[in-house]
Amino acid sequence: MNSYQRFFNLLADRPVDRLPATPICMTFAARQAGVKYGPYLRDHRILVDTQISIAEQFDLDVVGLISDPAREAEDCGAEVVWFDDQPTSHDPAKALLKTRADLRKLAPPDPYAGRMLDRVQG
């Protein structure tokens with residue numbers, strides 16, 4: 001049974017050979033591939049190659065294009081802190097949303113621009 005069959009059989013309450021393996025592998029995938037996490041975050045080709053490699057290595061049923069909790073926030077205008085080998089972080093000294101009212105000031109980000117474009121390309 002392949003991953004597609006496994007997922008859709010499970011959703012349709014039909015027999016599966018095993019439950020789908022769907023872990024979220026981000027920093028673990030990069031480390032397994034010997035890739036620093038900074039380049040993994042910045043280049044969809046590295047992320048895709050790394051995700052395919054980890055899925056093959058551990059017989060996973062999914063690959064993920066998620067990478068850090070600040071991508072969309074940065075595209076909305078949040079300041080983030082970059083690190084060489086760990087996920088980005090929101091800059092606590094420069095919070096984008098200080099009050100609930102600040103949320104109303106945000107425009108929806110364009111997924112075809114900024115850092116979100118890299119995920120679309122992935």
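For Asn2, the CG atom sits in a packed shell: over 12 heavy atoms of surrounding residues, nucleotides or ligands are nearer than 6.0 Å. For Ile24, the CD1 atom counts as loosely surrounded, since its 6.0 Å shell holds 12 or fewer non-hydrogen atoms of other residues, nucleotides or ligands.
Following chains of ILVMFWY side-chain contacts shorter than 4.5 Å, one can reach Ile52 starting from Ile66, so the two form part of one hydrophobic cluster. Leu11 and Val16 fall into different hydrophobic clusters, where Ile, Leu, Val, Met, Phe, Trp and Tyr are joined by side-chain heavy atoms under 4.5 Å apart, directly or via other members. If you chain together hydrophobic residues whose side chains sit under 4.5 Å apart, Leu10 and Tyr4 never meet in one group. Linking Ile, Leu, Val, Met, Phe, Trp and Tyr whenever their side-chain heavy atoms come within less than 4.5 Å leaves Ile54 and Ile46 in two separate clusters. Residues Met26 and Trp82 share a hydrophobic cluster, clusters being chains of Ile/Leu/Val/Met/Phe/Trp/Tyr side chains in contact below 4.5 Å.
Taking every heavy atom of both residues into account, Leu96 and Ala73 meet most closely at CD2-O, 4.3 Å. Among all heavy-atom pairs drawn from Cys76 and Ala107, the shortest one is SG-O, 4.4 Å. Across every non-hydrogen atom of Ala70 and Val80, the tightest pair is CB-CG1, 3.4 Å.
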* Which is it for Glu74 and Thr88 under the side chain to side chain contact (heavy atoms under 4.5 Å, CB included) test, yes or no, and what are the steps along the way? -> CA-CA 10 Å; Glu74 186 174 17; Thr88 57; 5.7 Å; no
* Asked: Run the side chain to side chain contact (heavy atoms under 4.5 Å, CB included) check on Asp75 and Leu117 step by step: do they pass?
  -> CA-CA 10 Å; Asp75 283 355; Leu117 175 60; over 6 Å; no
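For the atom pair Asp102 CG and Arg100 CZ, the distance stands at 12.0 Å (nearest 0.5 Å). The structure places CG of Asp61 at 5.5 Å from CZ of Phe7, a figure rounded to the nearest 0.5 Å. Interatomic distance, CG of Leu41 versus CZ of Arg71, reported as 6.5 Å (0.5 Å rounding). Distance check, rounded to the nearest 0.5 Å: CZ of Arg42 to CG of Asp68 gives 10.0 Å. In this structure, CD on Gln51 lies 11.5 Å from CD on Glu56, to the nearest 0.5 angstrom. Rounded to the nearest 0.5 Å, atoms CE (Met116) and CD (Gln121) are 12.5 Å apart.
Between Leu60 and Pro23, the closest side-chain pair of non-hydrogen atoms falls below 4.5 Å. At least one side-chain heavy atom of Arg119 sits less than 4.5 Å from a side-chain heavy atom of Leu47. In this structure, the side chains of Val35 and Asp49 stay at 4.5 Å or more apart for every pair of heavy atoms. Side-chain contact check for Thr27 versus Asp85: every heavy-atom pair is 4.5 Å or farther apart.
Salt bridge annotation for Asp118-Arg115: absent, with no cationic side-chain nitrogen under 4.0 angstrom from a carboxylate oxygen. With respect to the salt-bridge test (charged N to carboxylate O, under 4.0 angstrom), the residues Arg6 and Asp17 qualify. In this structure, Arg18 pairs ionically with Asp59, as a charged nitrogen and a carboxylate oxygen lie closer than 4.0 Å.
Ring pair Tyr37/Tyr40 is parallel by interplanar angle, where below 30° counts as parallel and above 60° as perpendicular.
Asp91 places no side-chain N or O within donor-acceptor distance of the main-chain N or O of Val81, the cut-off being under 3.5 Å.
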